[in-house]
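Chain A is the first sequence line, chain B the second, and so forth, proteins listed ahead of strands; every chain is numbered from 1.
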Amino acid sequence: MTELSVDRRELEGIVLLYPRGFINAHTVRLFEGEIQKALDEGRYRIVVSGAGLKYIASAGLGAIMGVVEEIRTNGGDIRLADLNETVRNIFDILGFNHLYRIFPSEIEAILSFREGGETGSPPA
Amino acid sequence: MTELSVDRRELEGIVLLYPRGFINAHTVRLFEGEIQKALDEGRYRIVVSGAGLKYIASAGLGAIMGVVEEIRTNGGDIRLADLNETVRNIFDILGFNHLYRIFPSEIEAILSFREGGETGSPPA
Amino acid sequence: MSGRRPALVLRVPSRTEYLAAIRDVTRRMAELAGFDGGEADQLALAVDEAATNVIEHAYHGAADRRVEVRLDVRGDELRVEVVDDGEGVDPRAVPQVDLRRYASERRTGGLGMHLMGRIMDSVTFRRTAGGNVCCMVKRRPAAGSGAAP
Amino acid sequence: MSGRRPALVLRVPSRTEYLAAIRDVTRRMAELAGFDGGEADQLALAVDEAATNVIEHAYHGAADRRVEVRLDVRGDELRVEVVDDGEGVDPRAVPQVDLRRYASERRTGGLGMHLMGRIMDSVTFRRTAGGNVCCMVKRRPAAGSGAAP
Ligand SMILES: Nc1ncnc2c1ncn2[C@@H]1O[C@H](COP(=O)(O)OP(=O)(O)O)[C@@H](O)[C@H]1O
Ligand SMILES: Nc1ncnc2c1ncn2[C@@H]1O[C@H](COP(=O)(O)OP(=O)(O)O)[C@@H](O)[C@H]1O
């Protein structure tokens with residue numbers, strides 16, 4: 001019944017975030033806080049791994065939107081992976097698939113940072 | 001979000017039932033149906049393995065009560081195992097721990113049928 | 001709830017398929033009141049029994065009536081009211097629980113009320129102009145704070 | 001709901017901690033209406049956005065007001081109304097979604113309304129004596145039957 005938990009791992013200098021549950025106006029602070037912590041540590045490579053994410057409301061999308069410029073300015077990127085169909089649909093509906101790189105699996109998102117494509121220009 | 005599912009296995013001639021979710025006035029038919037199926041097959045050794053059971057309302061307790069006599073008359077028993085604290089509390093509150101044999105784990109419930117104690121007299 | 005609107009009100013048809021929604025909101029409110037998951041499940045069970053009784057006894061199974069559940073946190077207690085406009089509870093009809101007779105006579109009546117009484121700190125029934133009210137109160141855990149609505 | 005009582009009514013305080021209860025009952029009702037789990041989540045998301053807007057815009061964050069959600073299955077559609085008695089929606093204030101500006105100006109306004117419109121088949125706002133009503137309708141899956149309340 002917990003509304004949202006956000007676990008965190010690190011791999012190859014990349015911060016992996018695992019939101020489980022629902023991101024909305026009530027829970028978004030927790031999600032934002034985890035992103036902000038990474039930025040405070042100077043870590044600008046972030047993967048949001050969404051296998052446990054049931055839905056993300058506009059408040060959550062706004063949270064990502066609010067940091068992406070700072071992240072990219074610092075040569076990093078925030079990428080998404082392993083989204084279920086519902087969440088993937090939300091991103092598609094809003095055209096966010098043009099603003100963010102979304103990967104089928106976490107490992108692909110991690111490997112994508114090796115390509116030297118850190119400067120997170122949106123995918124073609 | 002499914003309210004109740006009841007999986008079934010068989011081992012050493014014992015029918016193991018795995019209710020997952022909530023047994024109440026709405027879902028009790030499903031639970032009753034699985035018990036009845038065992039009886040129709042002439043199987044009178046039943047273990048209700050409750051690891052996935054969130055709660056059981058009086059309708060569910062009534063369902064067990066309604067068949068225990070037939071089961072015991074036929075030399076079998078219906079025993080409970082692996083109840084979480086909430087469900088275990090419900091049984092204790094109602095004094096059902098005096099009417100039914102309740103085991104910490106499924107394997108203990110299964111082995112208990114080897115003792116030759118099939119005639120399901122309630123525990124001392 | 002005498003003088004003050006309850007925080008959460010849920011009104012559903014008198015059908016058992018809506019017990020799940022009643023359970024959901026009860027658990028949410030219990031958690032907001034500081035109860036842990038297991039306690040929230042027990043509280044939800046007590047409310048499930050009360051609502052089931054309304055459907056079965058106050059409405060005799062009629063599916064087109066209304067069940068209202070009101071949940072509120074007041075100071076150090078969680079208060080739940082289950083309201084119907086059907087037949088009221090006749091206290092004399094409420095059977096005493098007799099465990100010995102359960103086994104020998106397959107009697108199961110009275111378990112629901114008994115459970116409600118054991119889970120909650122108090123269960124009272126009253127008739128009001130707005131309907132029959134089953135009021136159940138449970139003291140919150142000491143550590144609990146949170147949703148004072 | 002014009003002439004007929006909705007099946008399920010939930011009334012909660014205007015606080016985001018009650019969005020979870022709104023989500024729960026919306027998903028339950030969506031499932032009773034025959035939607036699958038993913039569709040139920042999307043519907044719950046649309047209702048979450050509408051209720052969040054009531055808290056943030058109609059009530060400007062005041063925590064002591066009321067949000068009412070009414071859910072009903074009518075023939076082949078699920079109908080949701082989110083009702084407040086705060087400031088009504090000014091259609092001119094609703095921004096058009098401009099994705100290019102999101103990225104360059106960090107604009108995020110308008111996403112909620114846009115999502116609601118994309119998830120539901122229709123979203124309409126009206127003022128009534130009983131308050132401001134955001135009415136959202138979604139056609140049920142063809143196979144779906146079940147809770148005609
Ligand atoms: N809401 C109610 N309205 C009218 N009568 C009720 C109500 N709740 C309980 N009762 C009466 O109390 C009796 C005991 O209820 P309960 O303990 O839940 O057992 P059961 O529902 O199995 O009979 C019922 O049989 C009924 O006569
Ligand atoms: N229930 C409401 N009451 C009043 N105004 C509203 C309501 N819902 C939306 N609005 C207006 O529409 C705008 C767009 O809402 P939305 O798309 O959800 O984005 P956001 O809430 O991020 O601004 C709001 O900024 C507000 O001006």
Side-chain angles (χ1 to χ4, degrees), chain B residues 1-5 19-32 35 50-73 77-78 83-101 119-123, chain C residues 12-24 26-27 30 35-57 59 61 63 67 94-120:
Chain B
M1 294 281 282
T2 313
E3 288 196 64
L4 180 70
S5 66
R20 288 189 63 79
F22 302 85
I23 302 181
N24 68 0
H26 188 60
T27 59
V28 69
R29 298 283 160 274
L30 178 64
F31 178 59
E32 266 176 350
I35 296 176
L53 189 60
K54 296 285 190 66
Y55 73 55
I56 178 164
S58 59
L61 301 169
I64 298 177
M65 196 69 86
V67 292
V68 67
E69 207 181 299
E70 176 184 354
I71 289 175
R72 290 181 179 167
T73 304
D77 199 15
I78 184 163
L83 307 178
N84 72 29
E85 205 192 313
T86 306
V87 174
R88 174 74 216 214
N89 271 344
I90 296 168
F91 276 83
D92 290 353
I93 282 174
L94 294 174
F96 275 28
N97 47 340
H98 300 298
L99 300 179
Y100 301 104
R101 294 186 66 181
T119 347
S121 50
Chain C
V12 296
S14 51
R15 300 169 66 154
T16 55
E17 66 225 59
Y18 289 95
L19 291 173
I22 292 174
R23 174 170 67 235
D24 288 340
T26 303
R27 289 161 92 206
F35 293 96
D36 70 27
E39 292 167 327
D41 279 336
Q42 288 212 5
L43 288 164
L45 170 56
V47 179
D48 186 317
E49 296 285 354
T52 299
N53 278 345
V54 165
I55 295 170
E56 292 180 354
H57 303 302
Y59 295 141
V67 183
V94 178
Q96 287 302 304
V97 171
D98 180 347
L99 264 182
R100 280 158 304 172
R101 295 177 59 200
Y102 285 147
S104 57
E105 304 172 26
R106 295 191 192 183
R107 274 185 51 87
T108 61
L111 287 187
M113 291 281 228
H114 187 65
L115 263 181
M116 288 157 57
R118 293 299 300 266
I119 292 170
M120 310 302 288

Partners of T52(C) by side chain to side chain donor-acceptor pair (under 3.5 Å), sequence neighbours excluded? D48(C)
How long is the straight-line distance from CD1 of I90(B) back to CZ of R118(C), given to the nearest 0.5 Å? 12.5 Å
Per-residue contacts, residues 23-31 of chain B versus chain C, heavy atoms under 4.5 Å: N24(B), A25(B), H26(B)
Supply the atom-to-atom distance F22(B) CZ to D41(C) CG, rounded to the nearest 0.5 angstrom. 5.5 Å
Flag side-chain contact, heavy atom, 4.5 Å: R27(C) against K54(B): yes
Spacing of I93(B) atom CD1 and L111(C) atom CG [to the nearest 0.5 Å]: 11.5 Å
Selection from T16(C), I55(C), L19(C) maximising heavy-atom pairs under 4.5 Å formed with chain B: T16(C)
If I measure from the heavy atoms of chain B, does A44(C) come under 4.5 Å with its side chain, its backbone, both, or neither? both
How long is the straight-line distance from CG of L115(C) back to OH of Y55(B), given to the nearest 0.5 Å? 11.0 Å
Can you say whether E49(C) sits under 4.5 Å from chain B via the side chain, the backbone, both, or neither, judging by heavy atoms? side chain
